[in-house]
Amino acid sequence: MPVIRVALDVPLHRQFDYLAPDAQPDDVGRRVRAPFGRGTRIGVITAVLGADEEGDLPLDKLKAAEILRDDVPPLPPDWFRLTEFCSSYYQAPIGEVMLAALPVGLRRTDPPKARAVKAKVKAEAPQVAPELTPGQAEAVAAVLAAGVGTAPRFAPFLLYGITGSGKTEVYLRLVEAALAGGHQALLLVPEINLTPQLEERVRRRFPGVGLVSLHSELTEAARTRHWKAAFKGEARIVLGTRLSIFTPLPDLGLIVVDEEHDPSFKQQDGMRYSARDVAVFRAWQRGVPIVLGSATPSLETWANATGEGIPRRYTLLTLADRANAAASLPPVRLLDTRREKLQDGLSAALLAALQVRLERGEQSLVFLNRRGYAPVLACPSCGWISRCRRCAANLVLHLADRRLRCHHCGFENGIPRACPTCGNQDIHPFGRGTQRLEATLQERFPEARILRVDRDSAKSRKQWEALAGKIHGGEADILVGTQMLAKGHDFPRLTLVGVTGADAALFAADWRAPERLFAQLMQVGGRAGRAELPGEVLIQTEHPEHPLYGALQQHDFAAFAASQLEERRSAGFPPYSYQVMLRAEAPEMGPALEYLAQARALGADLNGNGPVLLYDPVPMRMARRANLERAQLLAESTSRPALQAFLAEWRPLLEGIKAPSRLRWHLEVDPLEF
C-alpha cells in the first residue's frame, strides 16, 4: 500500500508517514487530512514513497490519511524549495513553515464552501501614465535591461529616491513591462494601511488586468480566493503584505518591495523571517529582477548597494529630485527648546507656524510617536505610578475611553478615582501622547478641525480609509499622528510638519535606534510640500547640535548612513557580522537564565575556538511581559555560513535540554529587536 510523507503544523523538526491507498507520484504538493494525536490536521505531502523505500514505521503501525483533490493544484517545486530554505535558514520546523504559508481557509480540516471568484477586472480605459523625469527614466531602463518582460534574470536593485520622487511610477512602468511579457508581478508593502492607496492606483493604471490583494484585513474566504487566483495565474498582479512572499506564482517575472527598510517586514512570532530577505532569495531562486525601494534604505541594504565595507551585491538607482517639478524638499528647522518654557509641550515657534497655516487654509501635521493621552498616571504624594501587573512596563493613560492600557500585553484597567496606595485624589498624567496633544491643540485652536490618526483611531483598514478621505477632502486642518502618517501618503495641502518628542530615541540603548529615528523623521518630513505649495519641517529638540539632526537638515541620507556604518564596522555590528538570538521565557527568571546557561555551555563545547562568539545570558530590556520573565543569549559571527552551520548542530542540542514544562524558547536569526 502506498505510503506518503507529510509535513504537519507541529513544533517538531520531522515529518510523518501515513497510508494513502490512492496516492500517485504526482500527489506531492497536495494537501491531506491526517489524524494526529486525538484530532485531525491538514498537512502537505512532501513525498510518495516507492515500494523499495522504507518508512519510519512498519505499515501496520501507520494510520491512513485522506488526500484532498479539490480545486487547488499541487504546490509547485519552487514553493517547496522556498519553504525548505526558510526552514533551514530560520531554524523553523518545515511543517510550521509550509502550513503558515497557506491561507487559513486551506488549513482547516472542515473548510466552508467557497464561491469561485476570479481576480477583479475592470473594463475601463487605462489611466494615462505621466511623463517620466530623467531620473525615473534611467531607473526604469536599468531594470528593463535585466529582462523584465522579455527574458528575466536575477538582478537586485535598490531604488533610493527622496520622498516625493516618484518611486511608485517606476514600479508601475516595470509592472507594465512584466505584464506585456506574459509575467506576473508581486508588489510587497509593509503595512495594510498602505495597501488601499497603492491598490487603487494600480487598478486605475491596469483596469483590464487581474489584480488581487493579500493582507490580514481580508476575510478568510476572500484571502483564500485571492491566493487561489494568484496560484492559478488568473491574477497577474499580486499586492500584499509580509506573508504574500510565499504565494505560489507560476509566471512570476518581477518582485517589488516598497519601503524595504520598514521593520513591519520582519515577523515577530512563529518563524521570525524577514519578508524582504526572503524576497531577495525568491528572486534569485526564480531568476527574476527585484527592486527594493525606499527614501531611507536599511543600512544593510545600503551597504549591499554601495559596497561600504562589504561586497557590492545590488545595483543602486537614485531619484534625487521630486517628480513634481514645482515641489522641492521642505527646509528643516530645529527649534531649540533648552531655554524655552513650552506651552503644553509645544514651542511658541511651532504654535505660530500652525496659526499661519490655519490662516492660509493649509494643512499641518504634528507628529508624536506615542499613542494614548499620557505614558503614565502617577501620584505626587506617595510616588505610585500606573504599572502593568503583567509586564515590566507602565500602563498608558487612554483618556478618550477612560482606560489604563498596556501597549505590550494588552492588559487594561479603569482609571482609579484616587491613588490605590495612599488614597490621594490628586493623581496626575505625566508626559504626552497623541490624545493629550489633540486635546491641547483643540484648546489652543478652537476654530481648527483637528484629526488624530494613530492605532487607536484607525484600528482597521475601513477606519483608516475614512480618515484618509477626510484629509484628502479638506475636512481637517491639523493632523495629530504617529508613524502611521509617516510613509506612503500624499496630502497636497499639507505644508507644515511639526515634530515633538524625538529626542528620546537619540540615546536609546538599542544601537538601531538612530537608524529608525532618522528614517522616521525623513519620512514624516517628506509629507510636507509635495505639491505646488512650499513645505516646512520644524523639529523641537534639546539637542540641536546632534549630527543626526544636521544630516536631516541637509537631507543627506548618504552621509548619515556612512557615519552609522562606520560606527557599526568599529563595533562589529551587522552588516559586518551576523547574529542569532536565543530567547527563553518562564514564570520566573531563574529557570530562563539557567536554560540559557546550559545552552551556552553546549554551544561553547560545539564551537570550541571556532568562528562563533557566544555572549552571556542576560535578562531582556523588558524583562517581564504577559506574566513571563524573559532572558536572551546572543550568538554572533563574521561568517554567515559558519553561523548557519553552527545553528544546524546547536538547535538539536537545545531541544535536548531538560527544561521546566512552562519554559518556552525560540531562535531568531537576524534579530531586529534587542
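Atom set for the values below is all heavy atoms of this structure, side chains included, hydrogens, waters and symmetry mates excluded.
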With a 3.5 Å distance limit and no angle check, can you tell me whether [X] reaches the backbone of [Y] through a side-chain donor-acceptor pair?
| X | Y | value |
| --- | --- | --- |
| R452 | G481 | no |
| H215 | S244 | no |
| R370 | R432 | yes |
| Q127 | R204 | no |
| E260 | P297 | no |
| E176 | L172 | no |
| Q136 | G166 | yes |
| T224 | P103 | no |
| T318 | A320 | no |
| H226 | S213 | yes |

Any donor-acceptor N or O pair under 3.5 Å, side chains [X], [Y]:
| X | Y | value |
| --- | --- | --- |
| D454 | T434 | yes |
| R322 | T163 | yes |
| R276 | S298 | yes |
| Y549 | D503 | yes |
| T296 | Q523 | yes |

A quick test of your reading: do over 12 heavy atoms of other residues, nucleotides or ligands sit less than 6.0 Å from [atom1] of [X]?
| X | atom1 | answer |
| --- | --- | --- |
| R338 | CZ | yes |
| D321 | CG | no |
| E545 | CD | yes |
| Q554 | CD | no |
| E447 | CD | yes |
| R621 | CZ | yes |

Name the residue from R516, R272, K266 that meets the salt bridge (Lys or Arg N to Asp or Glu O under 4.0 Å) definition with E673. R516
Does the pair E217 and S460 meet the rule for a side-chain hydrogen bond (donor to acceptor under 3.5 Å, both in side chains), with working shown? CA-CA 7 Å; E217 283 281 310; S460 68; 4.6 Å; no
Does the plane of the ring in F507 sit parallel, tilted or perpendicular to the ring in H546? Use 30° and 60° as the thresholds. perpendicular
Would you say [X] and [Y] make side-chain contact, with heavy atoms under 4.5 Å?
| X | Y | result |
| --- | --- | --- |
| E668 | Q268 | yes |
| S328 | P534 | no |
| Q363 | I478 | no |
| L365 | V453 | no |
| L243 | R223 | yes |
| P375 | F430 | no |
| L329 | I162 | yes |
| F367 | Q520 | yes |

Of N369, V499, T482, which is the lone residue that meets side-chain contact (heavy atoms from CB on, under 4.5 Å) with V524?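 Of all the options given, the one that passes is V499.
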State which residue, out of L334, D336, L350, fulfils the side-chain contact (heavy atoms from CB on, under 4.5 Å) condition with Q540.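 Exactly one candidate clears the test, L350.
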Answer with yes or no after comparing the ring centroid distance for H472 and F491 against a 6.0 Å cut-off, counting only values under it.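 Yes - the distance between ring centres of H472 and F491 falls below the 6.0 Å cut-off.
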Between H407 and H398, does the ring centre distance come in under 6.0 Å?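 Between H398 and H407, which both carry aromatic rings, the centre distance is below 6.0 Å.
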Rounded to the nearest 0.5 Å, what separates atom [atom1] in [X] from atom [atom2] in [Y]?
| X | Y | atom1 | atom2 | result |
| --- | --- | --- | --- | --- |
| E300 | E515 | CD | CD | 6.0 Å |
| R203 | L239 | CZ | CG | 9.0 Å |
| L342 | T440 | CG | OG1 | 11.5 Å |
| R625 | E585 | CZ | CD | 9.0 Å |
| T301 | L299 | OG1 | CG | 9.0 Å |
| L132 | R173 | CG | CZ | 3.5 Å |

Applying side chain to side chain contact (heavy atoms under 4.5 Å, CB included) to E412 and L404, what does each step give before you reach the verdict? CA-CA 5 Å; E412 60 180 68; L404 290 170; over 6 Å; no
Ion pair present between E191 and R242, side-chain N to carboxylate O less than 4.0 angstrom? no
State whether E443 and R436 are salt-bridged, where the test is any N-O pair (Lys NZ or Arg NE/NH1/NH2 against Asp/Glu carboxylate O) under 4.0 Å. no
For the pair E259 and S294, evaluate side-chain hydrogen bond (donor to acceptor under 3.5 Å, both in side chains) and give the outcome as yes or no after the intermediate values. CA-CA 5 Å; E259 307 287 2; S294 177; 4.5 Å; no
Chi angles and distances behind the side chain to side chain contact (heavy atoms under 4.5 Å, CB included) call for V202, Y171: CA-CA 10 Å; V202 175; Y171 305 155; over 6 Å; no
Salt bridge (Lys or Arg N to Asp or Glu O under 4.0 Å) for E536 and R357? Distances and angles first, verdict last. CA-CA 11 Å; E536 183 181 25; R357 267 61 183 193; 3.2 Å; yes
Once side chain to side chain donor-acceptor pair (under 3.5 Å) is applied, what residue pairs with a partner in residues 419-431 remain, sequence neighbours excluded?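 Residue pairs with at least one partner in residues 419-431: D426-H428.
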Give the C-alpha distance, both sets of side-chain angles, the deciding distance and a yes or no for side chain to side chain contact (heavy atoms under 4.5 Å, CB included) between Y160 and L317. CA-CA 6 Å; Y160 163 56; L317 308 173; over 6 Å; no
Run the side chain to side chain contact (heavy atoms under 4.5 Å, CB included) test on L354 and L441 for me, step by step, so that the C-alpha distance in whole Å, both residues' side-chain angles and the decisive distance to 0.1 Å come before the verdict. CA-CA 10 Å; L354 291 169; L441 290 168; 3.8 Å; yes
side-chain hydrogen bond (donor to acceptor under 3.5 Å, both in side chains) with E340: which residues, sequence neighbours excluded? none
